[in-house]
Amino acid sequence: MKVECSNCNKEYKIPDEKLPVGKKCAVQCPACKNRIVIDLRSQPKQKQSLQPSKPVEKEKPTVSYAKKRPSGMSLKYGILRSLGDLPAMPHIVQKAQDIIANPDSNLNELSRLIEIEQAIATRVLKLANSSYYGLSGKVFSVQHASVLLGYKTLGELITVAGISSLMGRNLKGYDLSSEDLWRHSIAVAVGSRIIASRKDAEFGNEAFFAGLVHDAGKLVLDQHIYERKDDFETFMGNGQHTFLSAEKEILGFDHSEIAFELCQKWQIPSNQSVAVQFHHYPSKSQGNELAYILHMADCIAMMNGYGAGQDSMMYQMEEGTLEFLALQDKDVDDIQSQILESVEKMSQEMPAG
Ligand SMILES: [Fe+2]
Ligand SMILES: [Fe+2]
């Protein structure tokens with residue numbers, strides 16, 4: 001199918017098998033990053049597009065990459081040896097997570113935490129006033145927000161505000177603006193919460209946090225990808241490979257493996273760390289439910305134009321994901337529209353950085 005970007009008027013051809021029959025979806029324009037909405041609802045609905053038919057990967061080009069640069073285990077060990085140089089989790093986020101996890105903690109502890117962090121307090125207030133949290137324009141102080149929202153939600157606002165400086169970065173290797181990565185992280189966090197909360201609200205909070213950091217490995221790999229940009233462009237050149245497979249092929253490992261190491265460094269609980277590690281291959285997670293949830297939210301986010309790269313339309317949900325989560329096709333539609341609505345509400349008031 002041919003689609004045209006309404007912003008820059010460039011035309012693209014998207015293989016029909018990648019489009020969700022009978023649904024509305026969106027892709028990101030590779031040239032200007034505009035969100036192109038494609039409405040296929042007038043088409044007869046035959047099958048759930050998020051369910052894979054066949055793996056996307058096709059045959060690999062017979063090109064040998066710049067082997068002079070380290071790859072595989074030697075590169076990975078090099079990265080892990082300098083763990084101290086890896087991005088740090090903002091201190092305030094760790095404190096907020098500790099306070100939320102402690103059943104004996106209270107609102108005052110959280111309020112005190114942000115009193116001394118004016119930049120975070122300003123962000124928290126903006127977020128509290130977003131339509132996502134339902135207090136549009138009514139809150140003028142953090143104390144007031146905490147009374148209206150409760151300390152768990154305030155803890156979440158602090159977490160989101162703190163992580164936005166970590167996940168809202170420009171990644172030149174991935175060709176992602178800070179806005180792109182942040183909106184993708186928010187979309188996956190919100191989507192993960194929506195899916196997990198169907199089971200349990202507490203699980204929803206855990207899923208939200210894992211969703212925010214699921215692609216943190218990209219922060220670390222970006223520089224190494226940038227140094228090998230030519231190799232990535234050659235491998236991706238025929239339009240048949242995902243960026244994820246290019247990471248594997250050229251570096252020898254992918255961002256989800258490095259994200260796991262970051263989660264370890266940040267002392268994120270093991271259920272969330274393992275889920276982040278397997279967010280692209282949940283069937284390898286030995287039944288980690290959160291890995292399936294992150295994977296599903298990631299696919300829905302990409303399918304709806306909140307991707308983390310120009311190849312977002314090429315990712316497909318791993319077979320068996322819906323079955324594992326005991327969800328039906330109609331649940332996917334429902335979850336999809338909730339994600340779209342929530343992301344718009346939240347990200348309007350929450351720019352990256
Ligand atoms: Fe990812
Ligand atoms: Fe992702």
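Just so you know, ligand 1 is whichever comes first in the structure, and atom 1 is the first atom listed for that ligand. Computed from a predicted model, the values in this text were never measured in an experiment.
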(message) side-chain contact (heavy atoms from CB on, under 4.5 Å) for Ser245 and Phe235? Distances and angles first, verdict last.
(response) CA-CA 9 Å; Ser245 64; Phe235 185 77; 3.7 Å; yes

(request) Determine, step by step, whether Arg169 and Asp222 satisfy the salt bridge (Lys or Arg N to Asp or Glu O under 4.0 Å) criterion, reporting the C-alpha distance in whole Å, the side-chain angles of both residues, the deciding distance to 0.1 Å, and the verdict. (result) CA-CA 11 Å; Arg169 297 187 187 190; Asp222 186 57; over 6 Å; no

(message) Can you classify the ring geometry of His255 versus His280 as parallel (below 30°), tilted (30 to 60°) or perpendicular (above 60°)?
(response) perpendicular

(request) List for me each residue that meets side chain to side chain donor-acceptor pair (under 3.5 Å) alongside Thr159, sequence neighbours excluded, and say none if there are none. (result) Gln97

(request) Supply the atom-to-atom distance Gln272 CD to Leu294 CG, rounded to the nearest 0.5 angstrom. (result) 9.0 Å

(request) Enumerate the protein N/O/S atoms at a distance below 2.8 Å from the Fe ion (ligand 1), ignoring waters. (result) Asp215 OD1, His255 NE2, His279 NE2, His280 NE2

(message) If hydrophobic clusters are built by linking Ile, Leu, Val, Met, Phe, Trp and Tyr wherever their side-chain heavy atoms come under 4.5 Å apart, do Ile99 and Val147 end up in the same one?
(response) no

